[in-house]
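Whatever order the structure lists them in is the order used to number ligands and atoms, beginning at 1.
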Amino acid sequence: MTECRGGVPGFKAPFVRVLRREFAIVTRFDGSLPVAPIAAPSAPCQLYVHVPFCESLCPFCSFHRVKYREEKSREYFAMLRREIRLYCDRGFTFGDVYVGGGTPTVNPRELIETVRLIRACWPIRTLSVETNPNHLRPDLLDALQGAGVDRLSVGVQSFDDMLLRAMRRYEPYGSGARIAAQLAAARGRFPTLNVDMIFNFAEQTHESLKRDLAIVRELEVEQVSFYPLMSATSTARHMAKSLGVAAPGREFEYYERILELLRPAYEPSSAWCFSRAAPRSGPRPIDEYVTQQDEYVGVGSGAFSYVGGRLYSTTFSLNRYRERIAAGESGITECKVLTLKQRMRYDFLMRLFGLSLPYAFITAKYGRSFWWRMAPELAAMRLIGAIRYDADAIRLTQRGMCCWMSMMSEFFTAVNTFRDKMRRHIRAEEYRPGGADFGRAARGAGTP
Ligand code: SF4
């Protein structure tokens, strides 16, 4: 198999470079638009719940996360439940729920109470929750099973102790051998146990990647997601210092190795996610729920929504989040209206990240105009062999998976750059003289 090795032929051609940049632009908010409340979609959609607390802050991480303190988290979860009730009162309906972070399981009691509220509001079909290896304890797993979690996604990143130390995850989360043993003990408790892994560290050798893949296969977890290492402006320098910089284009080589060594036990569910045989009804939920859901609403500080052709972001400031929720508003402070062309590009990118773009979906959403408006993108991707036209859908080829792996990495780097901008609020909060800290401020305001 040599579809990716050395890069995808034509992938650096100017017209493809323009497309890649254009896809990433979709995520840029300019902050100039007044933010109106989201109108409830006519069909049930995805609910994303963001819990930004972590016990230890990994230096490579670009997500919205803050250091865990119990009191602070209790107040935050109370706000989160108020925001969830707000959407319930406004007539939104949700079928699938994804709780991400941060580390959503840092305060299990609060998490379970929040899940109970969600279930009381809506008949939920699937519930995914993210966690870290140190939370794979029997008591916590019992509580998550009791709450009806369908999919538990564990942030492992690597089983290689040298890499875990470089990522500063060895101390808080234990050695690779210990994590593997914890995963083996958790297996079978949930319909889907997913393991999140990262590849393309500068120090990662072929042997190390091969060992990681062998451990995943031996564990026989239902799902594994392999992400290329990504940075943001804020983390790039630190990452280069602590983790080094991989040779340009090496991610293609490693990605191809992953495809080779996971098959046939695992088949791709998206360009980054690989699953064992699907359960009896419907596809398994995956980390990249944006590929499976047309629209989604994010609650909590630092969550994104996509509804009615608009992208929204909630505030990354915990103080601002508290103020908005206490005033009976949602946490949303940023909005971007996508043009028709941008919406088409967004669907093209996201659906094909999930491997296929059905013709029925295109026709129902855009009619025939999709074909001429997207003609340059379709022609470019066809020319480099990234897509093929099947009877029912446009599908990614093996070469297309390599393209999308790289393109999505650029897309999420653009998202990370936006997160960087929003995080400036948090730095201001943390260092503000007098400490206008979320916990104290919330008590002062008399919020629950
Ligand atoms: S990688 Fe996970 S545990 Fe580490 S800071 Fe990011 S969200 Fe928290």
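Residue Tyr173 approaches ligand 1 through these ligand atoms, each under 4.0 Å from one of its heavy atoms: 3 (S). Here is the list of ligand 1 atoms found below 4.0 Å of a heavy atom in Arg169: 1 (S), 3 (S), 4 (Fe).
Distances shorter than 2.8 Å separate atom 6 (Fe) of ligand 1 from the protein N/O/S atoms Cys61 SG.
Salt-bridge formation is not detected for the pair Arg109/Glu113: no Lys NZ or Arg NE/NH1/NH2 atom is positioned less than 4.0 Å from an Asp or Glu carboxylate oxygen. Here Arg81 pairs with Glu110 in a salt bridge; the nearest charged N to carboxylate O distance falls below 4.0 Å. Taking 4.0 Å as the cut-off between side-chain N and carboxylate O, Glu323 and Arg320 do not count as a salt-bridged pair. Remark: Arg125 does not engage Asp150 in a salt bridge, criterion side-chain N to carboxylate O under 4.0 Å.
Residue Arg178 places its CZ atom among 12 or fewer non-hydrogen atoms of other residues, nucleotides or ligands, all under 6.0 Å distant.
No donor-acceptor pair closer than 3.5 Å links the side chain of Thr131 to the backbone N or O of Val154.
Contact analysis leaves Glu55 out of contact with ligand 1, as no non-hydrogen atom separation drops below 4.0 angstrom. Under a 4.0 angstrom heavy-atom cut-off, Tyr68 registers as lying outside contact with ligand 1.
Annotation: ring pair (Phe, Tyr, Trp, His ring centres under 6.0 Å) contacts involving residues 101-132, sequence neighbours excluded, comprise Phe94-Trp122.
Geometric assessment of Arg351 against the ring of Phe361 yields a positive cation-pi assignment under the 6.0 Å and 45° thresholds.
Residue, atom and distance of the protein heavy atom nearest to atom 3 (S) of ligand 1 are Asn132 ND2, 3.1 Å.
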